[in-house]
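Contents: one structure, followed by commentary.
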Amino acid sequence: MITYIEGIDIFPGYRQKVKDIVEGALFPEAGLENNRIGHAGGAGGLVIVRDLDLYSYCESCLLPFQIKCHVGYVPSGQRVVGLSKLSRVADVFAKRLQEPQRLADEVCSALYQGIKPAGVALVLQCTHIHFPDIESVFLESSQQAWLKTLVLSGSGIFDDRNADVWSDFFCLLKFKGIEIEKVHLRGSSDQWWCPSLSALSAKVSSKTVPVNPAMVTSVSSILKSLGEDSSRKELTGTPGRFVKWLLNFQSIDMDVKLNGSLSGGIDSFDPDREVNFKDRQIHCELNLPFWSQCEHHILPFHGVVHIGYFISEGFDPIAKSLVQSIVHFYGFKLQVQERLTRQIAETIAPLLLGGHVIVVVEASHTCMISRGIEKFGSSTATVAVLGHFSTDLAAKAMFFQSVASATTSRGQ
Ligand SMILES: Nc1nc2c(ncn2[C@@H]2O[C@H](COP(=O)(O)OP(=O)(O)OP(=O)(O)O)[C@@H](O)[C@H]2O)c(=O)[nH]1
Ligand SMILES: [Zn+2]
């Protein structure tokens, strides 16, 4: 079974056994003393572990998704389990190709069988990147970047969703900022969890070139090597969807894509014209979204681009749609963030008098979360500075200040 990439086991869950994890970490723990009424300790005292950060891989499109996992259980038989084992067991099932509800059910039932408690409850808050098709993103850039869903699973005394013990569990989660009533529960609408299954995505794919059959066969054989049954209903379309997504990153000719809009028009570059920076203002284009693909790991990274440049009185800024198209053009490639930042700056510069431009790219990298170092919540900023911005510290500081305000107003 090949589950290793670059020496890192990305799907260890297919080989780990829950029994091995739980068995050595069941500890005797008394309940209440004889004449006491109530529940506590190893006999009925609710235990909750909140905010476990996990990740898994979507069985419909093979992209990673993030999970905040909250586990509750009610011990019985005068024994409790080592707290870390709740997370370790959840991870066994997360490190497989998954779908949120199946993941929740599998973890819940494994813990129920392994610990033999009075009951187990599980809440998963899952976040899936929405990676738009290259064609649709050029047409409409206000695309949602993330899809979120929340799933529950319960066994034993949590079998009944109306049981009082669920209220106790939810109350303690609410305490941590999760208001269950306000979260969209799956099943309450016909919305797909994985964006590659959405009606819009199917519509776009029907218009695009059919995917390469040899590539589809290769992805199917990867699924088989994981020990998955590639004829399983949920997996039959997966290789095709993954290949279609991958083909977004084929090299395309910049001029064709941008329809020749890069030539002239604006505050055009003229090296002989003297620039008087005192009469010029800094124009900022902030929070332009982009989607890209890490060339080291073939995993998405996503974020926003901020661009600043000088503009003379009487000149209009570069059309925002053109700037956004340049950003998308360099995004939809196998990339590294530093190169993306430089390429955007170098493409914008010739459109400006003197070519003075500053670009900041802020992104979160799936490869930092879903493999290797597993740094949840981390983000990366990169800067490219061309011309006057590299010597005019005040202008640079002014631009960074605008970026900081825009970031604060995005609530990040
Ligand atoms: N139930 C309970 N478990 C605890 C508490 N404090 C620590 N533990 C757990 O005690 C267990 C000890 O398990 P071991 O397998 O011997 O220790 P370990 O190898 O450090 O375990 P890992 O943390 O899973 O790496 C771990 O699961 C700890 O999380 C506690 O207050 N209550
Ligand atoms: Zn998916």
Side-chain angles (χ1 to χ4, degrees), residues 12 16-31 40-52 54-67 69 71-92 94 96-103 111 114-117 120 124 126-133 144-149 151 186 191-202 204-205 219 223 228 232 234-246 248 291 293 298-300 302 366 369-370:
Q16 289 171 330
K17 297 215 163 31
V18 171
K19 196 161 166 267
D20 297 342
I21 295 171
V22 173
E23 219 168 46
L26 289 169
F27 308 114
E29 186 55 48
L46 178 60
V47 178
I48 298 174
V49 176
R50 298 177 287 220
D51 296 325
L52 297 169
L54 308 172
Y55 70 89
S56 186
Y57 282 83
C58 172
E59 66 183 12
S60 301
C61 70
L62 301 184
L63 290 182
F65 63 93
Q66 269 176 262
I67 303 152
C69 170
V71 191
Y73 85 101
V74 174
S76 72
Q78 312 268 346
R79 60 182 190 168
V80 296
V81 69
L83 298 174
S84 66
K85 310 308 175 191
L86 298 171
S87 178
R88 289 189 183 278
V89 170
D91 215 32
V92 167
R96 300 179 184 189
L97 295 180
Q98 278 293 4
E99 187 277 333
Q101 187 62 57
R102 189 152 60 85
L103 174 59
L111 288 173
I115 306 169
K116 301 199 171 33
V120 177
L124 302 181
C126 301
T127 309
H128 190 312
I129 192 167
H130 185 190
F131 206 104
D133 195 281
Q144 233 184 314
W146 303 101
L147 290 178
K148 290 177 191 267
T149 194
V151 291
R186 283 189 79 227
Q191 198 193 350
W192 291 101
W193 147 251
C194 171
S196 76
L197 296 172
S198 73
L200 176 68
S201 177
V204 171
S205 77
V219 179
L223 296 186
E228 283 284 358
R232 174 155 72 83
E234 295 82 0
L235 291 179
T236 49
T238 302
R241 283 189 289 270
F242 182 72
V243 169
K244 175 184 154 268
W245 173 73
L246 214 52
N248 276 316
W291 283 264
Q293 174 86 317
I298 321 273
L299 283 171
H302 161 269
T366 318
I369 297 162
S370 66

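Just so you know, ligand 1 is whichever comes first in the structure, and atom 1 is the first atom listed for that ligand.
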**Request:** Hey, can you tell me if H128 and W193 have their rings parallel, tilted or perpendicular (30° and 60° cut-offs)?
**Result:** perpendicular
**Request:** Classify the ring geometry between F242 and W245 as parallel (under 30°), tilted (30 to 60°) or perpendicular (over 60°).
**Result:** tilted
**Request:** Could you please compute the angle at the Zn ion (ligand 2) from SG of C194 to NE2 of H128, rounded to 10°?
**Result:**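 The two atoms form an angle at the metal of about 110°.
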N/O to N/O under 3.5 Å, ligand 1 against protein:
{"residue": "ligand 1", "atom": "1 (N)", "partner": "V81", "partner atom": "O", "Å": "2.9"}
{"residue": "ligand 1", "atom": "3 (N)", "partner": "L83", "partner atom": "N", "Å": "3.3"}
{"residue": "ligand 1", "atom": "15 (O)", "partner": "K85", "partner atom": "NZ", "Å": "2.9"}
{"residue": "ligand 1", "atom": "21 (O)", "partner": "K85", "partner atom": "NZ", "Å": "3.1"}
{"residue": "ligand 1", "atom": "23 (O)", "partner": "S84", "partner atom": "OG", "Å": "3.0"}
{"residue": "ligand 1", "atom": "24 (O)", "partner": "S84", "partner atom": "OG", "Å": "2.6"}
{"residue": "ligand 1", "atom": "24 (O)", "partner": "K85", "partner atom": "NZ", "Å": "2.8"}
{"residue": "ligand 1", "atom": "24 (O)", "partner": "R88", "partner atom": "NE", "Å": "2.6"}
{"residue": "ligand 1", "atom": "24 (O)", "partner": "R88", "partner atom": "NH2", "Å": "3.4"}
{"residue": "ligand 1", "atom": "25 (O)", "partner": "R88", "partner atom": "NH2", "Å": "2.8"}
{"residue": "ligand 1", "atom": "27 (O)", "partner": "S84", "partner atom": "N", "Å": "3.4"}
{"residue": "ligand 1", "atom": "27 (O)", "partner": "S84", "partner atom": "OG", "Å": "2.6"}
{"residue": "ligand 1", "atom": "29 (O)", "partner": "S84", "partner atom": "N", "Å": "3.0"}
{"residue": "ligand 1", "atom": "29 (O)", "partner": "S84", "partner atom": "OG", "Å": "3.4"}

**Asked** From R102 CZ over to S56 OG, what is the distance, rounded to the nearest 0.5 angstrom?
**Response**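 Reported value, rounded in 0.5 Å steps: 9.0 Å.
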**Request:** Enter the distance from L246:CG to Q293:CD here, rounded to the nearest 0.5 Å.
**Result:**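 These two atoms lie 6.5 Å from each other.
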**Request:** Compare all side-chain heavy atoms of L103 with those of V151 and state whether any distance is below 4.5 angstrom.
**Result:** no
**Asked** Mind checking whether R241 and C194 have side chains closer than 4.5 Å, heavy atoms only?
**Response** no
